[in-house]
Amino acid sequence: MDTQYPTVVLVHGAFAESASWNGVIDRLHELDIEAVAAANPLRGVAGDAAYVRDVVAAIGRPVLLVGHSYGGIVITEAAAGNPDVVGLVYVAAFAPDHGESAFELSARSPGSTLGEALTAYPVSTGGNELAIRLDAFPAQFAADVPLADATRLARTQRPVTESALRDGLPTDTPAWQTLPSWFVFGGQDRNIPAAELHAEAQRARARTVNEVEGASHAIAVSRPLEVTSTILEALGADVAEEVA
């Protein structure tokens, strides 16, 4: 792999899992860029971020953190004060300020229908765990993914604790205040309204903001070329045209 670029660490969000990055990883590896997908525990912001910091430390070289959805909150916390992180890419992802939660941000702009699609059940460790109902998943999460693939995504989704989605960002200094950021998201995202993502990108003074027309929340699955192109922008790679 080409060591001139940082390692790309991909962090999935709620209702997804690390294989959702397969299309992006394949394209990065074709370009000889090292990329790994972390298995986000989805138990709580502080603990999830601590795990991602461990992943970064184990790599032992500079990394570019890429987060999807709730994973954006996790990378914002994990990168705070972390000298190994050189930048942040938000893929249909939250970029919160101190104290802001996924629940709060998803409701700040109108348009999200996620709440209507969720099912909740208690877990032995306390509280509830949330998942998207199997019947609702394709339209809610992956409307531009072929139905057979969206159905598979529904059955391999990783549930998230309700408390994780209610956790406010712990750090007083969100990483996007000190690190460069890039945003890519779908124009037809039914989990996080595009208007909210535009607002967060503006607040973060994002280097680029790429809204992909017609793309769903599962943009890394349905539009890996566009997601990869944004990552290449963040890397400063001169190979962006090769994946366009």
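Position 1 is the first residue of the sequence, and the numbers go up from there.
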Heavy-atom neighbours of Glu104 CD exceed 12 at 6.0 Å: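 Count over threshold, so yes.
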Less than 4.5 Å apart, any side-chain heavy atom of [X] and any of [Y]?
| X | Y | value |
| --- | --- | --- |
| Leu31 | Arg27 | no |
| Leu232 | Ile33 | yes |
| Val160 | Leu165 | yes |
| Leu179 | Val86 | no |
| Pro174 | Leu169 | yes |
| Asn128 | Pro122 | yes |
| Pro96 | Leu105 | yes |
| Glu77 | Arg53 | yes |

Just do the side-chain contact (heavy atoms from CB on, under 4.5 Å) check on Glu200 and Arg108 with the steps written out, would you? CA-CA 11 Å; Glu200 293 178 33; Arg108 195 158 64 179; 3.9 Å; yes
Counting only N and O atoms by type, is there a donor-acceptor contact under 3.5 Å from the side chain of [X] to the main-chain atoms of [Y]?
| X | Y | value |
| --- | --- | --- |
| Thr171 | Thr173 | yes |
| Ser181 | Leu88 | no |
| Ser20 | Ala16 | no |
| Arg158 | Asn40 | yes |
| Arg166 | Phe103 | no |
| Asn191 | Leu114 | no |
| Gln188 | Ser216 | no |
| Glu100 | Asp97 | yes |
| Arg43 | Pro41 | yes |

Honestly curious: do [X] and [Y] fall in one hydrophobic cluster under the side-chain, below-4.5 Å linking rule?
| X | Y | result |
| --- | --- | --- |
| Phe141 | Trp21 | no |
| Val91 | Trp176 | no |
| Val227 | Ile25 | yes |
| Leu64 | Ile73 | no |
| Val55 | Val74 | yes |

Of the non-hydrogen atoms in [X] and [Y], which two are nearest, and what is the gap between them?
| X | Y | result |
| --- | --- | --- |
| Ala164 | Leu42 | CB-O, 4.2 Å |
| Ala220 | Val24 | O-CG2, 4.0 Å |
| Ala131 | Phe15 | CA-CE2, 3.8 Å |
| Ala80 | Ala175 | N-CB, 3.8 Å |
| Ile192 | Ala92 | CD1-O, 3.4 Å |
| Tyr90 | Gly72 | CE2-O, 3.6 Å |

Going from [atom1] on [X] to [atom2] on [Y], what distance comes out if it is rounded to the nearest 0.5 angstrom?
| X | Y | atom1 | atom2 | value |
| --- | --- | --- | --- | --- |
| Gln157 | Arg133 | CD | CZ | 11.0 Å |
| Ser69 | Ile219 | OG | CD1 | 12.0 Å |
| Leu118 | Glu129 | CG | CD | 12.0 Å |
| Thr76 | Leu65 | OG1 | CG | 9.0 Å |
| Ser18 | Leu10 | OG | CG | 10.0 Å |
| Phe137 | Thr151 | CZ | OG1 | 9.5 Å |

Can you confirm if the aromatic rings of His198 and Phe183 lie within a centre distance of less than 6.0 Å?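 They do not qualify: ring centres at least 6.0 Å apart.
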Could you pull out all residues at least two apart from Tyr51 that satisfy ring pair (Phe, Tyr, Trp, His ring centres under 6.0 Å)? none
Ion pair present between Arg223 and Asp144, side-chain N to carboxylate O less than 4.0 angstrom?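 Asp144 and Arg223: salt-bridged.
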For [X] and [Y], which I'm curious about, is there any donor-acceptor pair between the side chains at under 3.5 Å?
| X | Y | answer |
| --- | --- | --- |
| Tyr70 | Asp48 | yes |
| Glu34 | Thr7 | no |
| Ser106 | Glu196 | no |
| Ser163 | Thr161 | yes |
| Asn210 | Thr230 | yes |

Decide yes or no on salt bridge (charged side-chain N to carboxylate O under 4.0 Å, His left out) for Arg155 and Glu17, but give the supporting numbers first. CA-CA 11 Å; Arg155 295 186 178 278; Glu17 44 93 32; over 6 Å; no
Decide yes or no on side-chain contact (heavy atoms from CB on, under 4.5 Å) for Val8 and Leu235, but give the supporting numbers first. CA-CA 9 Å; Val8 178; Leu235 291 171; 4.0 Å; yes
side-chain contact (heavy atoms from CB on, under 4.5 Å) between Val221 and Asp149, intermediate numbers included: CA-CA 9 Å; Val221 177; Asp149 295 333; 5.8 Å; no
Parallel, tilted or perpendicular: which one describes the rings of His217 and His68, with boundaries at 30° and 60°?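 The arrangement is tilted - the two ring planes meet at 30° to 60°.
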